[in-house]
Undergrad: 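The structure under discussion is supplied below as structure tokens; questions concerning it will follow.
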Amino acid sequence: MDFIYPKNLRFECNRCAICCGDTKEKTRHIIMLESELQEIQEQTGLSRDEFCFEVANKQPYMFEIKKIQDGKCLFLRPDGCSIYGFRPMICRFYPFELRFDEIQQKYMFTVTTECPALNQGKRLTQADFRLLFWLAEKRLL
């Protein structure tokens, strides 16, 4: 499958956790697929109601992770994400998003400019985006 991706972009997560909760500018919605919900349940032993709720009109995403009082993800700890190894796809993609461009008839990776780790670290290549694209294909199909 063909896709468009941002060229000449550097990124390496600095673990600032801005993507793990609300900011003054943005309310986060950490949405997930049913398969991701099931994996979190299996790995943590938590029931669905303990960590998420159903959402409508966000297909194929059907659930949203709950937040604690300060607007941060329920799974965020002082030392980082407690479900990092099996975190939802939306978390794995940040600061990128994959959308289908109707005009070009191709998938397109876009990037949010709010992430402070942009333009730091390694230069991303087509192979890096191909891995993300493969993950989307695997989880969505």
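Side chains included, hydrogens not; waters and symmetry mates left out as well; all remaining heavy atoms used.
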Undergrad: Is any NZ, NE, NH1 or NH2 atom of the basic residue among E54 and R48 found under 4.0 Å from an Asp or Glu carboxylate oxygen of the other?
TA: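 Yes, E54 and R48 are salt-bridged.
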Undergrad: I'd like to know if the side chain of Q104 reaches the main chain of D101, judged simply by a donor and an acceptor atom lying under 3.5 Å from each other, with no hydrogens or angles considered.
TA: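 No: the side chain of Q104 does not pair with the backbone of D101.
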Undergrad: Out of curiosity, does I90 fall in the hydrophobic cluster containing F100 (side-chain heavy atoms, cut-off under 4.5 Å, transitive links)?
TA: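 Yes, because F100 and I90 connect within a single hydrophobic cluster, where side-chain heavy atoms sit under 4.5 Å apart.
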Undergrad: Over all heavy atoms of both residues, which pair between Y61 and V55 is shortest? Give the atoms and the distance, please.
TA: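 Looking at all heavy atoms of both residues, the closest pair is O-CG2, 4.1 Å.
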Undergrad: Quick one: are L132 and F93 in side-chain contact, heavy atoms under 4.5 Å?
TA: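 Yes, their side chains come closer than 4.5 Å.
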Undergrad: Applying salt bridge (charged side-chain N to carboxylate O under 4.0 Å, His left out) to E97 and R99, what does each step give before you reach the verdict?
TA: CA-CA 7 Å; E97 188 174 334; R99 294 193 171 167; 2.6 Å; yes
Undergrad: Are I65 and L76 linked, directly or through intermediate hydrophobic residues, by side-chain heavy-atom contacts shorter than 4.5 Å (ILVMFWY only)?
TA: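 No; tracing contacts between hydrophobic side chains, which count when under 4.5 Å, never links both residues.
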Undergrad: Testing the basics here: between F86 and R92, what is the closest heavy-atom pair and its distance to 0.1 Å?
TA: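 Minimum heavy-atom contact is CA-NH2, 3.5 Å.
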Undergrad: Determine whether the side chains of Q38 and S35 contain a donor N or O and an acceptor N or O closer than 3.5 Å.
TA: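 There is no such pair between these side chains.
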Undergrad: Do you know the tightest heavy-atom contact between L74 and E50?
TA: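 It is CD2-O, 3.5 Å.
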Undergrad: If you round to the nearest 0.5 Å, how far is CG of L9 from OG1 of T125?
TA: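 Output value for this atom pair is 11.5 Å.
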Undergrad: Is it the case that over 12 heavy atoms from other parts of the model lie below 6.0 angstrom from the NZ atom of K7?
TA: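 Correct, the count exceeds 12.
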Undergrad: Checking R15 against Y84: charged group under 6.0 Å from the ring centre and within 45 degrees of the axis?
TA: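 Judged by the rule, R15 and Y84 form a cation-pi pair.
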Undergrad: Between atom CD1 of I68 and atom SG of C73, what is the distance when rounded to the nearest 0.5 Å?
TA: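 If we round to the nearest 0.5 Å, I68:CD1 and C73:SG are 8.5 Å apart.
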Undergrad: Would you indicate whether the side-chain heavy atoms of R139 and E36 approach each other to under 4.5 Å?
TA: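 Sidechains of R139 and E36: in contact.
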Undergrad: With heavy-atom distances below 4.5 Å as the criterion, would you say the side chains of M89 and L140 are in contact?
TA: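 In contact.
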Undergrad: Got a second to check how far K26's NZ is from T112's OG1, nearest 0.5 Å?
TA: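 One gets 5.0 Å once the value is rounded to the nearest 0.5 Å.
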Undergrad: For the rings on F109 and F3, is their centre-to-centre separation under 6.0 Å?
TA: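 Centroid separation for F109 and F3: below 6.0 Å.
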Undergrad: Using 0.5 Å steps for rounding, measure from the CD atom of E39 to the CG atom of L37.
TA: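 The distance works out to 10.5 Å.
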Undergrad: For the residue pair C52 and E64, establish whether any side-chain heavy-atom pair is separated by less than 4.5 Å.
TA: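 Heavy-atom side-chain distance check fails, nothing below 4.5 Å.
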Undergrad: Give the cluster check for L131 versus L124: same hydrophobic cluster or not, with ILVMFWY residues linked at side-chain heavy-atom distances below 4.5 Å.
TA: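 L131 does not cluster with L124.
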Undergrad: Any sub-3.5 Å donor-acceptor pair from S82's side-chain atoms to F75's backbone N or O?
TA: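 Between the backbone of F75 and the side chain of S82 there is a qualifying donor-acceptor contact (under 3.5 Å).
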Undergrad: Keeping Q43 on the side-chain end and I40 on the backbone end, is there a donor-acceptor pair under 3.5 Å?
TA: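 Judged by distance alone, no pair lies under 3.5 Å.
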Undergrad: What closest approach, in Å, do P88 and I31 show between heavy atoms, and which atom pair accounts for it?
TA: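 Looking at all heavy atoms of both residues, the shortest contact is CB-O, 4.1 Å.
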Undergrad: Do the side chains of M108 and V111 join up, straight or via other hydrophobic residues, at under 4.5 Å, putting them in one cluster?
TA: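 No, it is not one cluster - the side chains of M108 and V111 are not joined through contacts under 4.5 Å.
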Undergrad: Knowing that exactly one of F96, Y5, Y107 qualifies, which makes a ring-ring contact (aromatic ring centres under 6.0 Å, His included) with F133?
TA: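 For F133, the ring-ring contact (aromatic ring centres under 6.0 Å, His included) check succeeds only for Y107.
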Undergrad: Is the closest side-chain heavy-atom distance between F51 and K66 below 4.5 Å?
TA: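 With C-beta onward as the side chain, the pair stays apart.
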Undergrad: Please tabulate, one pair per line, all N/O donor-acceptor pairs under 3.5 Å involving side-chain atoms of residues 113-123, not counting sequence neighbours.
TA:
residue: E114; atom: OE1; partner: R28; partner atom: NH2; Å: 3.4
residue: E114; atom: OE2; partner: R28; partner atom: NH1; Å: 2.8
residue: E114; atom: OE2; partner: R28; partner atom: NH2; Å: 2.8
residue: E114; atom: OE2; partner: Y94; partner atom: OH; Å: 2.9
residue: Q120; atom: NE2; partner: P116; partner atom: O; Å: 3.2
residue: K122; atom: NZ; partner: D128; partner atom: OD1; Å: 2.8
residue: K122; atom: NZ; partner: D128; partner atom: OD2; Å: 3.3
residue: R123; atom: NH1; partner: N8; partner atom: O; Å: 3.3

Undergrad: Taking the side chain as every heavy atom from C-beta outward, state whether T27 and K67 have any atom pair closer than 4.5 Å.
TA: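 Sidechains of K67 and T27: in contact.
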Undergrad: Taking atom CG of N14 and atom CD1 of I18, what is their separation to the nearest 0.5 Å?
TA: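 Separation between the atoms: 9.5 Å.
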